[in-house]
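Working notes, beginning with the structure itself.
Lettering follows sequence order; numbering is per chain, from 1. Below, each value reflects all heavy atoms present in this structure, side chains not excepted, and no hydrogens, waters or symmetry copies.
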Amino acid sequence: MNYWLLKSEPSVYSIEDLKRDRKTLWDGVRNYQARNFLQAMTIGDRAFFYHSNAKPPGIVGLVEITQTNQIDPTQFDPSHKYYDPQSNPQKPRWQTVEVSFLEQFTPGLTLDQLKDRYSPEELLVVRKGNRLSVLPVPEPIALRMLRELRGA
DNA sequence: GCCAACGTTGGC
DNA sequence: GCCAACGTTGGC
């Protein structure tokens, strides 16, 4: 099992929204490095749900990858914000995954706390200037975070 | 609202 | 292939 971190702005799609929906297609990623991480995901992987552009930003939940290699339909929708006219339906450029709600953390771990407890080498999301919305989390670090989040 | 970081685009 | 211009992300 691999561990990941997925960023979302809560004003766009929050952990509360996912709790309500139970599952969602993680669409709208338009960065090749992030897409490559999405392609590397396998069913059963876990991902931390991170609220960006939030007050405060931080980890607020855990999700499971329940479907992989899903074509992102928004790339073919001209009315959509994430329409990509250069993507060929015979060879879609953007694939993604389906994620399912596992748990919400209250409290979670704020970015400030993450910076205090983890180095930029251990945890990419605390690295200055990192704008990738999909990131891998090394397993030992993921397990440490889960222990902290669950109050052990 | 500002701005640093950084990815993408396009002229050459 | 270089790189300036531009757009976006996201913390503050």
Legend entry - Length of the line joining A/Phe37:CZ and B/dG7:P, which is rounded to integer Å: 12 Å
Inset, instruction - Verify the contact: side-chain N or O of A/Lys128 to OP1 or OP2 of B/dA5, cut-off strictly under 4.0 Å; return yes or no. - result: yes
Inset, instruction - Provide, to the nearest angstrom, the distance between the CZ atom belonging to A/Arg93 and the P atom belonging to B/dT8. - result: 10 Å
Legend entry - Side chain of A/Leu111 (C-beta onward), nearest among B/dA5, B/dT8, C/dC12: C/dC12
Inset, instruction - Take atom NZ of A/Lys55 and atom P of C/dG11, then tell me their distance rounded to the nearest Å. - result: 12 Å
Inset, instruction - Take A/Glu122 and A/Arg144 through the test salt bridge (Lys or Arg N to Asp or Glu O under 4.0 Å) and record every step on the way to the result. - result: CA-CA 11 Å; A/Glu122 291 174 320; A/Arg144 264 175 68 194; 3.2 Å; yes
Inset, instruction - Measure the distance from CG on A/Asn53 to P on C/dT8 and round it to the nearest whole Å. - result: 14 Å
Legend entry - Approximate separation, where rounding is to 0.5 Å, of A/Leu135 CG and A/Arg127 CZ: 9.0 Å
Inset, instruction - Look at the side-chain N and O atoms of A/Tyr50 and state whether any lies under 4.0 Å from the OP1 or OP2 oxygen of C/dG11. - result: yes
Inset, instruction - Using the side chain to side chain donor-acceptor pair (under 3.5 Å) rule, pick out the option among A/Arg93, A/Gln75, A/Arg30 that qualifies with A/Ser87. - result: A/Gln75
Inset, instruction - Quickly work out the A/Gln33 CD to C/dT9 P distance and round it to whole Å. - result: 15 Å
Inset, instruction - Would you tell me whether A/Thr24 and A/Asp21 have side-chain atoms, one donor and one acceptor, within less than 3.5 Å of each other? - result: no
Inset, instruction - Answer with base, sugar-phosphate or nothing: what part of the nucleic acid does A/Lys115 contact at a heavy-atom distance below 4.0 Å? - result: sugar-phosphate
Inset, instruction - Can you tell me the distance, in whole Å, between the CG atom of A/Leu5 and the P atom of C/dT9? - result: 16 Å
Legend entry - Side-chain H-bond candidate by donor/acceptor type, A/Gln95 with A/Gln39, under 3.5 Å: yes
Legend entry - Separation of atom CG in A/Leu132 from atom C1' in B/dC6, rounded to whole Å: 10 Å
Legend entry - Separation of atom CD in A/Glu9 from atom P in C/dT8, rounded to whole Å: 13 Å
Inset, instruction - Taking only the side-chain heavy atoms of A/Ser52 (C-beta and beyond), determine which of B/dG7, C/dC12, C/dG11 contains the nearest atom. - result: C/dG11
Legend entry - Which nucleotide in B/dG7, C/dC12, C/dG10 has an atom nearest any side-chain atom of A/Asn31: B/dG7
Inset, instruction - Report the residue (A/Asp112 or A/Tyr82) whose heavy-atom-nearest nucleotide on DNA chain C is the more 5′ of the two. - result: A/Tyr82
